[in-house]
Structures are given as C-alpha cells and as structure tokens.
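Everything below concerns the one structure shown next.
Computed from a predicted model, the values in this text were never measured in an experiment. In what follows, every chain begins at residue 1, and chains take the letters A, B, ... in the order their sequences are listed. Computed over heavy atoms, backbone and side chain alike; hydrogens, waters and symmetry mates excluded.
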Number of protein chains: 2
Amino acid sequence: MAQPDTVDRILDAAEELFAERGFSETSLRMITSKAKVNLAAVNYHFGSKNALIHAVFGRFLTPFSATLESAFDELEARCDGSPPTLNQTLWALTESAVRMPQRNEKGISIFMRLLGLAYTQSQGHLRKFLEQEYSEPFARFMRLLKEATPQLSAVDRYWRIQFMLGATAFTMSSSDALQDILRNKLGVDTTVQEIAARLVPFLAAGMQAQDTLLAPPAETHIPVA
Amino acid sequence: MAQPDTVDRILDAAEELFAERGFSETSLRMITSKAKVNLAAVNYHFGSKNALIHAVFGRFLTPFSATLESAFDELEARCDGSPPTLNQTLWALTESAVRMPQRNEKGISIFMRLLGLAYTQSQGHLRKFLEQEYSEPFARFMRLLKEATPQLSAVDRYWRIQFMLGATAFTMSSSDALQDILRNKLGVDTTVQEIAARLVPFLAAGMQAQDTLLAPPAETHIPVA
DNA sequence: ATGTGCTTCAAACGTATGTTTCAAACAGAC
DNA sequence: GTCTGTTTGAAACATACGTTTGAAGCACAT
C-alpha cells in the first residue's frame, strides 16, 4: 500500500469530523469521502459505525490512560505516603493530556473536544464502552481527589467534581471557537497549554471554596428549598 | 377546541424530547406521536423542524429574559450607583432561573438541560437565533460581571467566564443523570435549587482565584508554551 | 501460471427522516 | 343551510442514512 493504511485514514477523518460536528451529525459517507476510501470500508474494517466511534476513542484514550497512570505513580512516589495536594493532582492530569504525542497541531483540541462530546452527547453505547474500558484510571483520579480534599463532605465533593468536569469539558470542547472569539475581540492568541494554566487555578479555588450552601445575599431572601 | 391547543401540545412534547435526547436525535414523528397530533401539524404550525426548535426556546427564554432584566434593574437600583458584587450578580441570575413559573415539576431541569444543549450541540441556526434574539440581557450580564471583577484582566475574565458557563451548562444539562447517580451511591436527594446553591460559591471562588497562570508545582517542570 | 486470502469497489438494500400534497373535517358569519 | 377560511388527516414525496452484497482487484506462496 503506497498511501497510509485505510484503517488509519478512516480513523483520522472520523476523529476530525466527530470533533467538528458530533456523532449523529457525521455520516459514514462524509467520513469515507474525506478519507478517500470506499463507503463499505468502514463496515468491513470496523463492523459498524458505533464500533468506529469506539475505535476513535480507543486510539487516543489507551495511550493517554497509560501516561496518566505513570504520572500518578510518579506523583505518589514523590509524595512518599502523604496524599498529593489538589494542585499536584490536577497538574498531573493536565500535563498528561498536554504531553501526549500529537498526530498534528490540532491534536490536543480534538482530543479535548471528543472527551467533551463523550460526556455531553448521551450515546449510551459510548458511555458503556468508556466505563468498562477505562474505569481504572478514572477511579484512581477520584480517589486522589478525595484524599486531597478531606475537608469536604462526600456530597459537596461529588458536586464540585461535576463542576470541575463541566468547566473543563465545556471549555476544551469549544476551545477553538473560544480562541477565535478572543483573537477577534482582544487581539490576543492563546494556546491550549495557556488555557489549562488558567483553568487549573480556577478549578482549585472553586474546589476549595469555604462556604458551601451559602445563602443568597441577605437582602434578596429567596427560599432555598 | 376541547383539548389543549395543538401548538402547545407540540411544544410540550418537543421540549421534553429535545431535553431528553437532543435535537437531531429527536424526530418529528416522535414528537407528534407523543403530542398525539398529526405529523403534518408541525410543518403547518411552525413551518419546519428548525423553526419548532426556535419556538421551544422562545417560549421559556422570552419570559426568562424579562424576569432577568427586572432582577438586574432591582439589583442595580438597590446598589444605588456602586456596582453589584459578584455574588449578588450570580444570585440574581440564579434566582431568576429558579423563580420562573414552571409548567410542571420537571420544568426547571428541562430548562437547564435545553440551555446546556444549545451551547453544546453546535446547531448553527440555533446559535444565530439566540444571539440576535437575546443579546441584550446577555450583554448586560457580561457588563455586570466585568464591573464586579475589576481586578481581573480582560483575558483572565474572558476565560473565567467561559469556565463558569461550562460548569453551569454541563452540570445543569446532565443534572438528572447526576442526581440519579448521587441517589444510588450516597442515598441523598438533591433539588435543582440546592445544586444552584452549591454551584454559586464554587463559581464565585473560581472567579476570584488569586493566582492565574500559576506555574505547575515546581518539581514537575513542564514547559508552558 | 495458478490458486488463495485479503481488500476494494459500485451498486443496491431496507429503513427513517423532513416535508408536501390534497381531500376531509371543522368553526363561525351570513 | 351555505359559504369561507382555518385546521386536521392519511398518504405520498424525495432524500439520506447504515448496512449488505457479490464481483473485481491485488499481493504473494506454491
């Protein structure tokens, strides 16, 4: 085969189109024509569209979770028994994402956007696939978060983790559009690394906010059910 | 007409189905059969599926933006010249959302989920519609945020607002699923009002975090490009 | 050269979608 | 009752989708 393998060409095209338009909104015909392969190739090599979606995620998630595991290993070894801080844990995650070997310059933002979509577009099969394939590093991250925030109640921690995930998934999943807006409005350019560097302190501060269930300012007297 | 108007029945069914499944994943046939009206009724009364989507948003967004405007009016009047605080601004928004007259008990979470979807599912026509229809209260909210955080640079503020939007949109758009998980895992029940009461302090703390562009912990030495 | 296993190709399959059509049903005014 | 404008109904429209089919193409061992 002179040109790159059909399988990889399909994965590349699918990855980009999924990230741009979502899963249901991307047809196999778009993918195969962008990849310059025959329509039937997807079903031949992957079996179905859903299986292709899984393959797209597997291709970047498997090396990522390996990187993440070793980053956590290193972090825990360095901390020598005492639990890593919240900042250290968040940075370990961020670095693992940013350090991943990229296929091209858009790699990291595609990566982020796909993760955001996986959370947002409630594709049942995808969630099931991710849960049974990558539950381990996820559970470990949760454990680290728990040990780094012993002052929080389980319920508080649960919700604040959701807030963190939301801020991250949302920002990263639209980072391209947001960067464009910022470039046009304020004339500044931003890398994904810089976004991450702004995001982590935001998350850490929110995670450690002192007063949960703060009542609204006294003057406004709404009933909190 | 004996039974509630066809138009309203369509809107009710569409609202619920869109919130559950997203826009592309919800067909007109699902909507009309849930609403118990003829398939052609949607195109007769609204013109197209996209116009129906706009109508669904308009029905709750128009009264909401009116409520929000008066909440801002009241807040600014009470502050008498000096800019409202960040907490006050966020609470004004939250109260307006929570206080909205609901069609049923699921009203508020449907409302939130639809807003989240509007941001996430990049339907070009929807974004255009929302921008030209509701730019005013949005711009006012942005102005209040700016005045409440004079210590932030424009770029910092921009990104932190995106983080806030993300945490909010994401959490609210999956609030049902998240509440289910929490109920099963920790056996506690949560109302949307309580989620909001947890979210606001998180957002306020993140928004006012002191150190932006914090370098990663010294030991880890990653290059921030 | 001949056969073998994998891959590509064009074409078709069945199903689902949004939209249109046009006749029937209906309500209110005269 | 009859006419008029609006709303409903069943059916069909054209198009797009994911998937399947079976023949053709290809590399390589025999």
| message | Just to verify, what does Glu69(B) make a side chain to side chain contact (heavy atoms under 4.5 Å, CB included) with, not counting sequence neighbours? | response | Glu136(B), Pro137(B), Arg140(B)

| task | Could you tell me which residues satisfy side chain to side chain contact (heavy atoms under 4.5 Å, CB included) with Ala13(B), sequence neighbours excluded, listed by chain and number? | result | Ile31(B), Lys34(B), Ala35(B)

| said: Short of 4.0 Å, heavy atom to strand atom, which residues of residues 39-58 of chain A count as contacting DNA chain D? | reply: Leu39(A), Ala40(A), Asn43(A), Ser48(A), Lys49(A)

| field | Between C1' of dT8(D) and CG of Asn38(B), the distance in whole Å | value | 6 Å

| request: Could you tell me the separation between the CG atom of Leu17(B) and the C1' atom of dT17(C), rounded to a whole number of Å? | output: 16 Å

| Contacting residues from residues 23-33 of chain B, given that a heavy atom lies under 4.0 angstrom of DNA chain D | Arg29(B)

| Qualifying residues under side chain to side chain contact (heavy atoms under 4.5 Å, CB included), relative to Thr149(A), sequence neighbours excluded | Leu86(A), Gln151(A), Leu152(A), Arg157(A), Met207(A)

| request: Establish, with yes or no, whether the OP1 or OP2 oxygen of dT7(D) is under 4.0 angstrom from a side-chain nitrogen or oxygen of Thr6(B). | output: no

| Donor-acceptor pair, side chain of Arg9(B) and main chain of Lys36(B), under 3.5 angstrom | yes

| Once you round it to whole Å, what is the distance between P of dT6(D) and CG of Asp5(B)? | 15 Å

| task | Would you kindly give the NZ-to-C1' distance between Lys36(A) and dC9(C), to the nearest whole Å? | result | 17 Å

| field | Ion pair Arg198(B)/Glu194(B), N-O distance below 4.0 Å | value | no

| Would Phe111(B) and Phe64(B) count as a close aromatic pair, with their ring centres under 6.0 Å? | yes

| query | Do Arg127(A) and Glu131(A) sit within salt-bridge range, that is, some charged N less than 4.0 Å from a carboxylate O? | reply | no

| request: Please state how far atom CZ in Arg21(A) lies from atom P in dA16(D), giving the value in whole angstrom units. | output: 13 Å

| Can you pull the salt bridge (charged side-chain N to carboxylate O under 4.0 Å, His left out) pairs that have at least one residue in residues 47-66 of chain A, sequence neighbours excluded? | Asp12(A)-Arg59(A), Glu15(A)-Arg59(A)

